[in-house]
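Report on the following structure.
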Number of protein chains: 4
Amino acid sequence: MDAILEAGARILSESGWAGFNTNVVAKLAGVSIGSFYQYFPDKLALIDAIRDRHLQDCLMALRGLPMDAPRLEDFAAALVDALVSAHGRHPGLHRVLLDETPSGGHLDPASAFETEYIGIYARAIGIFAGRALDEKSRADAMVLSDAVDGVIHNAARRGQLSDGSIRAALILLVETFLSRLRLTDYKGASA
Amino acid sequence: MDAILEAGARILSESGWAGFNTNVVAKLAGVSIGSFYQYFPDKLALIDAIRDRHLQDCLMALRGLPMDAPRLEDFAAALVDALVSAHGRHPGLHRVLLDETPSGGHLDPASAFETEYIGIYARAIGIFAGRALDEKSRADAMVLSDAVDGVIHNAARRGQLSDGSIRAALILLVETFLSRLRLTDYKGASA
Amino acid sequence: MDAILEAGARILSESGWAGFNTNVVAKLAGVSIGSFYQYFPDKLALIDAIRDRHLQDCLMALRGLPMDAPRLEDFAAALVDALVSAHGRHPGLHRVLLDETPSGGHLDPASAFETEYIGIYARAIGIFAGRALDEKSRADAMVLSDAVDGVIHNAARRGQLSDGSIRAALILLVETFLSRLRLTDYKGASA
Amino acid sequence: MDAILEAGARILSESGWAGFNTNVVAKLAGVSIGSFYQYFPDKLALIDAIRDRHLQDCLMALRGLPMDAPRLEDFAAALVDALVSAHGRHPGLHRVLLDETPSGGHLDPASAFETEYIGIYARAIGIFAGRALDEKSRADAMVLSDAVDGVIHNAARRGQLSDGSIRAALILLVETFLSRLRLTDYKGASA
DNA sequence: GATGAATGAGTATTCATTCAT
DNA sequence: CATGAATGAATACTCATTCAT
């Protein structure tokens with residue numbers, strides 16, 4: 001039932017893991033607790049389903065990004081806006097899903113997703129910074145991705161998802177980082 | 001009891017909110033459940049205490065940063081290293097505390113902390129980017145802070161806190177952003 | 001669940017507040033502890049429910065009293081017998097409820113009840129002693145009510161609820177007091 | 001320690017059995033919990049001591065009553081006033097002690113006391129009603145005693161211990177009952 | 001003696017899950 | 001299929017009592 005997914009996402013987003021309980025989710029979804037278990041074998045299965053759906057939303061947003069033609073600054077703005085809008089429905093969801101909730105089945109729940117997620121950033125680095133898809137640029141992609149995520153999640157937490165100054169600064173951060181990578185042949189520091 | 005704080009931090013870091021339960025914390029701390037409640041009125045009070053302690057640690061790390069003399073790149077490296085080491089003891093703690101756990105008392109649990117936290121970044125922007133401490137640079141500080149946090153939290157989650165490539169990329173990100181701010185007189189977009 | 005109410009009343013009556021505990025009540029009622037909390041938000045809510053039910057029983061007994069026709073001595077006997085039978089099921093209950101148990105919600109748990117309770121005695125005084133319903137007769141009603149209650153509670157405590165001598169003496173007490181009021185125009189002493 | 005007795009009596013009177021807990025009593029008494037257990041083997045021993053002391057106070061009040069000379073109405077007034085003053089210090093105590101609290105040792109905790117207590121009433125009946133000390137008058141004594149107690153306990157509960165109308169009505173009740181006994185050769189009803 | 005930190009059995013309460021209807 | 005009352009293991013928290021200092 002889609003209502004259950006939606007209710008679960010909302011509770012998770014608003015009350016976090018601590019407030020997430022099957023009876024409450026079922027009630028908010030307007031179905032009986034029995035129906036809940038008709039569709040989901042257990043609580044964690046719902047978490048997994050919510051995660052999958054949300055991560056698909058995020059990927060969808062990134063996949064639609066204009067990689068081919070545009071100027072770097074247009075790409076940066078498009079990236080930020082896409083992610084902001086992907087977090088609009090349930091601002092708190094992403095961080096709870098990635099950071100907190102245990103997973104039902106998969107060893108690494110975010111793994112498949114993360115691979116593609118990082119991959120998109122890596123491709124952007126390839127295109128806008130003219131770098132090969134080596135280990136180094138994968139680390140760069142991860143850092144950029146995590147930085148953008150961090151800003152968006154915290155903006156969501158503070159209710160500043162639509163704040164113009166934040167958006168501008170984040171776009172600047174992305175743009176600057178990518179353009180700098182083009183120039184740099186930095187030497188990875190030692191661990 | 002400090003042992004309780006330490007045990008609580010460890011469990012929170014390793015098992016998240018879902019695995020955090022007073023009996024387990026007491027057992028890991030090596031005290032009886034009765035002693036737990038001698039020192040903390042309830043479960044949330046321990047969370048608050050852990051949060052306070054951890055945030056103090058983070059602030060301490062930032063306060064010790066060399067703001068006066070050094071070159072921007074030295075500052076960036078010092079910043080990243082300080083935060084990495086502040087997260088060394090309980091890598092998962094910060095994100096659980098900020099992102100997931102409910103708060104007992106304070107209206108905004110991270111508020112006082114966050115004000116100083118952002119303030120330090122704002123000061124760095126003032127020094128290294130030559131910007132006044134206006135609203136705009138406060139947004140910049142917030143974005144930079146959240147970006148750095150995001151990278152570090154995710155690195156902690158993946159066990160990559162001591163990964164050299166990540167460190168190098170993050171330092172580059174900080175350095176680039178700060179040096180770009182110096183050049184830019186950007187117009188904050190409207191919300 | 002009515003079984004829970006009944007079990008609670010029985011335990012309260014037999015073991016007092018000290019022996020009253022949700023798990024035991026649930027077990028005696030033949031339901032799981034979970035079901036207990038399905039019907040009562042907490043322990044005190046059950047107390048309140050038991051109190052309400054018991055006080056209703058008492059009121060019911062008094063409401064049915066023959067006020068119109070009969071001779072004073074018939075009324076006194078009917079009053080005593082009604083109250084004795086209202087205390088028959090759970091002899092210790094009333095005193096525990098009034099004297100010992102804390103209340104969940106209402107400011108004065110017995111208040112609404114007490115008002116009607118005293119009111120019935122006041123009406124009897126009006127009828128059988130020919131007195132107006134002023135402050136003075138309200139005090140008389142209170143005293144008579146408390147005296148009768150005291151005798152019945154203590155008889156219940158000693159297992160003498162059906163003792164004939166006690167019954168006769170109590171009836172005499174009521175009858176004597178009411179008939180004396182008819183004759184007296186006493187001056188209430190100063191506080 | 002007398003302070004412990006006093007503190008225990010106060011808590012019992014004000015909060016009932018539900019609020020009576022050794023740590024709180026010790027704190028109110030200004031001694032450590034350790035000292036508490038120096039003087040009392042356990043919680044119930046304190047209850048017993050409090051009960052003994054209180055019942056002694058009540059007996060003392062009754063023993064001082066003027067049985068020999070005075071008119072019935074003077075005796076009734078003296079009786080009421082003595083009991084009122086015996087309940088002045090801890091108005092709620094008596095009912096909690098008699099009605100609710102379990103006892104440590106004695107089979108019937110109030111027994112020895114009650115025997116003398118009732119005995120005094122029986123003697124008064126003998127004197128003022130000219131009745132022999134048979135079973136019948138023992139029942140009368142019990143009823144009168146319980147009636148008076150009931151009025152005083154409930155007055156204490158409502159904070160009306162010094163209310164003049166209550167006092168007058170209670171005195172009237174006692175006086176009327178005793179004088180009626182003198183006239184009556186009633187036949188005890190069947191059990 | 002006096003102290004009060006520590007103990008842990010006991011009690012209140014929650015919530016994932018089942019199953020008879 | 002849908003329902004929601006019932007279940008009980010798990011968890012939060014209390015308080016009588018001990019004992020090392």
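All chains are named by letter (A, B, ...) in the order of the sequence lines, taking the proteins before the strands, and each is independently numbered beginning at 1. In this text, all values refer to a predicted model and were calculated from it rather than measured experimentally.
Residues B:Arg10 and B:Glu6 are not paired through a salt bridge, judged by the lack of any N-O separation under 4.0 Å between the basic side chain and the carboxylate. A:Glu114 and A:Arg51 are not joined by a salt bridge, as no carboxylate oxygen comes within less than 4.0 angstrom of a charged side-chain nitrogen.
Atom-to-atom, CD of C:Gln38 to C1' of F:dT3 comes out at 13 Å; the value is rounded to the nearest Å. The NZ atom of C:Lys27 sits 13 Å away from the P atom of E:dA12 (whole-angstrom rounding).
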For DNA chain E, what is the dot-bracket line, given that a base pair needs Watson-Crick (N1 to N3, plus N6-O4 or O6-N4) or G-U wobble (N1-O2 and O6-N3) geometry with both distances under 3.5 Å, and | means paired with another strand? .||||||||||||||||||||

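A side-chain N or O of C:Tyr117 and one of C:Asp149 form a donor-acceptor pair less than 3.5 Å apart. A side-chain N or O of B:His94 and one of B:His54 form a donor-acceptor pair less than 3.5 Å apart.
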Do D:Leu46 and D:Phe36 pass the side-chain contact (heavy atoms from CB on, under 4.5 Å) test, and can you show the C-alpha distance, the side-chain angles, and the key distance before you say yes or no? CA-CA 9 Å; D:Leu46 174 57; D:Phe36 179 102; 3.5 Å; yes

Would B:Val25 and B:Asn21 count as a side-chain contact (heavy atoms from CB on, under 4.5 Å) here? Give the steps. CA-CA 6 Å; B:Val25 169; B:Asn21 107 27; over 6 Å; no

Show your working on side-chain contact (heavy atoms from CB on, under 4.5 Å) between D:Cys58 and D:His87 and close with a plain yes or no. CA-CA 8 Å; D:Cys58 288; D:His87 286 79; 4.2 Å; yes

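Within the 4.0 angstrom heavy-atom criterion, no nucleotide atom of any strand lies near D:Phe40. Using a 4.0 Å heavy-atom criterion, one finds that D:Met1 contacts no nucleic acid atom at all.
In this structure, B:Trp17 and B:Phe20 have parallel ring planes: the angle between them is below the 30° cut-off, well short of the 60° mark.
Candidate nucleotides F:dA6, F:dG4, E:dA2 were compared by shortest atom distance to the side chain of C:Ser32, and F:dA6 ranks first.
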Protein within reach of the bases, or only the backbone? For nucleotides 16-21 of chain E, mark each nucleotide 5' to 3' as B, S or -, using heavy atoms under 4.0 Å. BBB---

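For F:dC1, the OP1/OP2 oxygens have no side-chain nitrogen or oxygen of A:Tyr39 closer than 4.0 Å.
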